Each structure stands twice: as C-alpha cells, then as structure tokens.
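Within every chain, numbering begins at 1; the chains are lettered A, B, ... in the order of the sequence lines, protein sequences first and strands thereafter. Since we're looking at a predicted model, the values are computed, not measured.
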There are 2 protein chains.
Amino acid sequence: MVAQRGRRNGAAAKRTRTPAAPDADNAPTAEMPAVAEAAGADPEARAKSIPEAAVARLAVYLRVLSGMADQGSTTVSSEELSNAAGVNSAKLRKDLSYLGSYGTRGVGYDVAVLIGHIERTLGLTRQHKVAVVGIGNLGHALANYGGFPGRGFPVEALFDIDPDLIGVPVGGLPVSHIEDIPAVCTERQISIGVVATPPTAAQSVCDRLVAGGVQCILNFAPVVLQVPEHVEVRKVDLAVELQILSFHVARRADSEMNGSVTGNGVVVP
Amino acid sequence: MVAQRGRRNGAAAKRTRTPAAPDADNAPTAEMPAVAEAAGADPEARAKSIPEAAVARLAVYLRVLSGMADQGSTTVSSEELSNAAGVNSAKLRKDLSYLGSYGTRGVGYDVAVLIGHIERTLGLTRQHKVAVVGIGNLGHALANYGGFPGRGFPVEALFDIDPDLIGVPVGGLPVSHIEDIPAVCTERQISIGVVATPPTAAQSVCDRLVAGGVQCILNFAPVVLQVPEHVEVRKVDLAVELQILSFHVARRADSEMNGSVTGNGVVVP
DNA sequence: GCCACTTTGTGCCTGCGTTCACAAATGGCT
DNA sequence: AGCCATTTGTGAACGCAGGCACAAAGTGGC
C-alpha cells in the first residue's frame, strides 16, 4: 500500500541520496546469488533474499495466525490461512518457504511454531523503540495508540516545534523540542522515527532523525524524503491513497456510461 | 507499500467475496489488447490500461507539480520532475505517456497542462465525498484533517458506535450512529468510506458502507475486509509498516555482526 | 533556411513476482 | 504393513513492470 521503490540511483543526479519506494524492490540487489544462498541452512542469510512484497504479507499472516492462536487453533493448512489473509494459497506457501520448511505435509502448519518463525524473521523478537515527530492531529493519535499496534514497538520519544507543547505529556510521555531530536534519539536508542509533521518541516526533521542514528523512518508527510543509503524509508500517504481510489471510481463511472447503478456517484443519464 | 491485491478468487472458498491487495494487480485482465487500445485517442478508454503502480506515482507527480506551479514554474523537463518525485526519468515519461502525449520535445511539459491531465485521469475533477467511521484517535485526526489532504475529498459524514459521541460535532460535523451508515451514505452520495474502527468492528462496518452504496473503502483496521467485487479496498496498516521496517533493521543488524556502527540498536560485540 | 541541441515518446530487453501443477512426504485407516 | 487421502514445497512458465537507449520531434541560433 502502501506501496515505493528505488534503491539504485537513477542516471545523473547531484544528490546521491535516494528516495523511498512504494512497494516492491527487494534487497538481493547483488553481492550474492540469492537463490543459491537461500538454499543454505542459515536462517539469517535466508532473510536477505525475501522479497519485500513477501515480507509485507508475512506481517499479515502473523496477525491472522495470532488470532487463530487466541481462538485455540493449533494447526492450519495453507488453504485456510491463505483464505483468511486474502491471498492465493500457492503464494502463501511460497512466502512461508522463504523462512524454511516448517510445515508438515498432509497436516499443515503448527500455528505456534509458525508464529515464532515469522516473528524471528521479521525481527520482532527485539524491541524497536519509536519516536513520533509532529504532535498534531495525527501525531497525537499515534502517540496515544498505546503500546503501538501489536507488540514490540514502544513509543519512547515525542517531538514538536510548538513551544506550548514542549513538556506537555501526551499519552504519558512528555514532548521534547525538535532541536533535541539527535541527542534524545541517540540517548534512548530510538531505531524508528515516525514523521507526522507538515510537509515543509519533514525533510529537516528527517535529517535530524538520521543524525540521531535512527535506522528507519515511517513518513506520513506528503514529501519524498531524501535520506542516506543506510536508512530505510516507508511512506504512508493519505492523499495518494484517496487519489488512487478516486481513479477507480472515475474508471468505473466511465465504463458504466449507460447509467447502470452500482453505487453512489452514479451517472444520471 | 502499502500493498493489496487479489481479484480472481482462489480455488475453493465458501465466500466468494474477495480481499484487498497491497500493490500491483492492475485492471487490464483481459477483454482487450491493452496496448492497441491505448494507442487509440479516447482518453477514457486509455485510463483502463494504466497500471496501478503508475497511478500511485501519478498522484505523487501531481503534488510535486502543484508545488512547482505555486513557485511559478511553467514548464518542467522529465528529468527535473523525476528527480523531485524520486523516480527514474524514463519511468516518469512512460507513466505520463499513459495519459497521452502532452509534452513538447526539446522543451518539456507545461506544468499547468500536465496538472490538468493528471487530475482528469485520476478523476479529481469530480468531488468524492468521504465518510469516516470510527471516531477514535485516528478517526478524530482524519475528521479534523479539514478539507482532507489536498483537493476534492470533503468529509461529509462521521460515524461511531459510542452513544456519548452521537451528535457531537467533530471538525464541524456531527457524529451519526453506525446503524445509520447505509441510509446516510446513500442520502449524501458518499463514494469513499474510511474505516478507522477497531478490528472487530471493521467487517460489519464495511458491510454497512457497501450497503450504503460506497464504492471504495480505505481501511485502517488491521483486518482483511471481504467485499463484493465492485468495491475497491485499499489498506493502510501501521503494524505492517512497522514490521516491515523491523525486518530491515533486523536484516541490517545481522549482516553487521562485526559490531560496526550504523545507527542505534547497534550490535555491541 | 539549415543545423545542432534538447527532450520526449517508446520498442525492446531484462528481471522479479505470481501462478500453476506436480512430486514428495506424512498421517490415518484398514 | 500397505494404501489412500491430504497437504506441503518447489520447478517451471507466464506476465507485468522497470530501465536502457534511440528515433522522432521540436527549439533556437547562425
């Protein structure tokens, strides 16, 4: 969705810093014959070759599996799981095969075991401290999310530029000034920065997060952030999402010029 | 990413309703030789063949272009625009070519003209009324977004299940009860529904939106929504985004087992 | 009016991701 | 113990999307 791309920088460009990319474009750019390596037994090395699209789905599988575990299921077949996750069963099996063969033929997958493997692969066994920058409507919502979606992503720092907000606790955590981002992030070992500022401030905030040693950035601001190569950026852009939907509405409306009724926004002939 | 897919339903499944998919999977499934058709002059027909990935980028180009227009630029080259949007210039030209040949060789693109064409293609010339369901932290933020990101997406209905919220104005609009979704959506000609409820409520809310004639759904709840075929779903999932980032952090940490310093969360040897 | 330069538009090639379909493996039943 | 039903894991084919590189087209200078 949250889809994005680009690692290798294009032709000529002054800045070498690279942008964020929507969906695919996975890691195995070079450095090793992905498949051959994946055939090895080392699960760590295997991780490198997992396509990003598959990683995104693994996260979904994980959630579905957690739900199933809560309901007492102990095993699932690829068919069940794929249905619940909304994907093709073959794709699901291939995705799972990236992390090794942890299923039992004729039976299915052990829910608990699978959860464990996915969590390990996604790096969810460690905690990833999160900082939220920009305590506006969205930032507020994020800060209050509490514990943050699921497990392992504690929000441990908040920043804003508004003097009236500095020191005010939001969701139990006091807001610090944007100036202090590098220091605070370094000190608290923040690894993920969430940018929820207005577009104009985003790049400078991003630079400070990078200076603070943050490794990944989740960007809600409608700008393409420029970051050094070792920093990963994911972008969530509401406007883009809406516009994509808009496109589909328009497309549909066009092909139904005959005034047939499929929903609101009908073409009245 | 943020990605979603799936139209054609898998093998055997009780419910025929299909899920949402993360990124690609574009329209030209069959029914016509895409390229040949695109060569035609009809801009409406052309729209069908635009790959979804390109649509997402068009939205980005549009924003960049708007910024340029505000700064007084009248023309841009594909090189400039692609840099600003963080993509390859060839890709940009190809994307733009989906909407026709509106550039001038040797010069570039006329900013205003291009904006116009992209807006038309994305269906931004009509207004798309939006309803937000679930006025919690996130829903609140969305409702207050005011005018909603950019142009053309007025929020015209709010829903929640909490009796204390019903009737209370949020962002200038009173909250209605979830029960009334179908009636209100039909009446106000809502075309886009935003689901910002807890996961458990999401599917039932979704069903009501569909009953209300909503054509597209933007889903923030961590569930795979089941919808009839004519409804388009896009999913924005914070947990998934974070987990993808987590994966990258972990991957990086693994490949730097030597304790080299690239950021926080360093491996202390 | 011609030439050289710039920039678009696109045909072609490459590579990744998705899907199909089947062989291998396992459990249960007789 | 052997057979059948079931389900995984994956080799191979397909198709879309990305990127290169060039021909076409238009501009500005001489």
Side-chain angles (χ1 to χ4, degrees), chain A residues 3-12 21-30 33-35 38-39 49-57 75-83 87-110 113-114, chain B residues 1 3 5-12 21-30 33-36 38-39 49-57 75-83 86-110 113-114:
Chain A
Q4 298 73 19
R5 204 132 317 82
R7 189 78 323 161
R8 29 192 114 40
N9 41 11
D23 25 275
D25 195 277
N26 52 350
T29 312
V35 182
S49 64
I50 303 182
E52 180 129 345
V55 173
R57 287 189 298 264
T75 59
V76 260
S77 68
S78 61
E79 193 65 35
E80 287 177 76
L81 188 50
S82 66
N83 275 17
V87 301
N88 180 300
S89 74
K91 194 192 286 186
L92 175 128
R93 287 199 299 276
K94 180 149 283 189
D95 287 344
L96 293 183
S97 77
Y98 288 126
L99 25 124
S101 295
Y102 299 114
T104 309
R105 301 183 182 212
V107 178
Y109 299 88
D110 182 287
V113 170
L114 204 46
Chain B
M1 334 290 216
R5 207 142 310 87
R7 192 78 318 170
R8 28 191 112 36
N9 44 9
D23 24 274
D25 195 276
N26 50 350
T29 313
V35 182
S49 64
I50 302 182
E52 179 129 345
V55 173
R57 287 190 297 266
T75 59
V76 260
S77 68
S78 62
E79 193 64 34
E80 287 177 77
L81 187 51
S82 65
N83 276 16
V87 300
N88 180 299
S89 73
K91 194 192 291 185
L92 175 128
R93 287 198 298 276
K94 184 157 286 189
D95 287 344
L96 293 184
S97 77
Y98 288 125
L99 23 128
S101 295
Y102 299 114
T104 309
R105 303 185 183 213
V107 178
Y109 299 89
D110 182 288
V113 170
L114 204 47

Item to check | B/Glu52 CD - C/dT18 C1' separation (whole Å) | outcome: 16 Å
Item to check | Under 4.0 angstrom between A/Asn88 side-chain N/O and C/dG17 OP1 or OP2 | outcome: no
Next on the checklist: Whole angstroms only, please: what is the CG-C1' distance between B/Leu92 and D/dA17?
Outcome noted: 15 Å
Next on the checklist: Nearest whole Å is fine: how far is C/dG17 C1' from A/Arg57 CZ?
Outcome noted: 8 Å
Pull out every protein N or O sitting under 3.5 Å from an N or O of nucleotides 11-15 of chain D, one pair per line with the distance.
{"unit_1": "D/dG11", "atom_1": "O6", "unit_2": "A/Lys94", "atom_2": "NZ", "d": "3.4"}
{"unit_1": "D/dA12", "atom_1": "N6", "unit_2": "A/Lys94", "atom_2": "NZ", "d": "3.1"}

Item to check | Value in whole Å for how far the C1' atom of C/dT26 lies from CG of A/Asp110 | outcome: 15 Å
Item to check | For A/Ala54 against A/Ile50, the heavy-atom pair lying closest together | outcome: CB-CG2, 3.9 Å
Next on the checklist: Checking A/Ser89 now: which residues fulfil side chain to side chain contact (heavy atoms under 4.5 Å, CB included) with it, not counting sequence neighbours?
Outcome noted: A/Ser78, A/Glu79, A/Ser82, A/Arg93
Next on the checklist: In the structure I gave you, are the side-chain heavy atoms of A/Thr104 and A/Thr75 within less than 4.5 Å of one another anywhere?
Outcome noted: no
Next on the checklist: As an exercise, state the distance from CD of A/Glu80 to CG of A/Leu92, rounded to the nearest 0.5 Å.
Outcome noted: 11.0 Å
Could you run down the sub-3.5 Å N/O contacts of the protein with nucleotides 5-8 of chain C?
{"unit_1": "C/dT7", "atom_1": "O4'", "unit_2": "B/Gly106", "atom_2": "N", "d": "3.0"}
{"unit_1": "C/dT7", "atom_1": "O2", "unit_2": "B/Gly106", "atom_2": "N", "d": "3.3"}
{"unit_1": "C/dT8", "atom_1": "OP1", "unit_2": "B/Ser78", "atom_2": "N", "d": "2.5"}
{"unit_1": "C/dT8", "atom_1": "OP2", "unit_2": "B/Ser78", "atom_2": "OG", "d": "2.5"}
{"unit_1": "C/dT8", "atom_1": "O2", "unit_2": "B/Arg105", "atom_2": "NH1", "d": "3.1"}

Checklist outcome for this item: OG of A/Ser97 to OH of A/Tyr102, rounded to nearest 0.5 Å, is 11.5 Å
Next on the checklist: Expressed as a whole number of angstroms, how long is the span from B/Leu99:CG to C/dT10:C1'?
Outcome noted: 15 Å
Item to check | Integer-rounded Å distance: D/dT7 C1' and A/Leu96 CG | outcome: 13 Å
Checklist entry - Within this structure, what is the NZ-to-P distance between A/Lys91 and D/dT10, rounded to whole angstrom? => result 18 Å
Checklist outcome for this item: CG (B/Leu81) and OH (B/Tyr109) are apart, to the nearest 0.5 Å, by 8.5 Å
Checklist entry - Between atom CG in B/Asp95 and atom C1' in D/dA17, what is the gap in whole Å? => result 10 Å
Checklist entry - Between A/Val113 and A/Asp110, what is the shortest heavy-atom contact and its length? => result N-OD1, 3.0 Å
Checklist entry - Mind checking whether B/Asp95 and B/Val87 have side chains closer than 4.5 Å, heavy atoms only? => result no
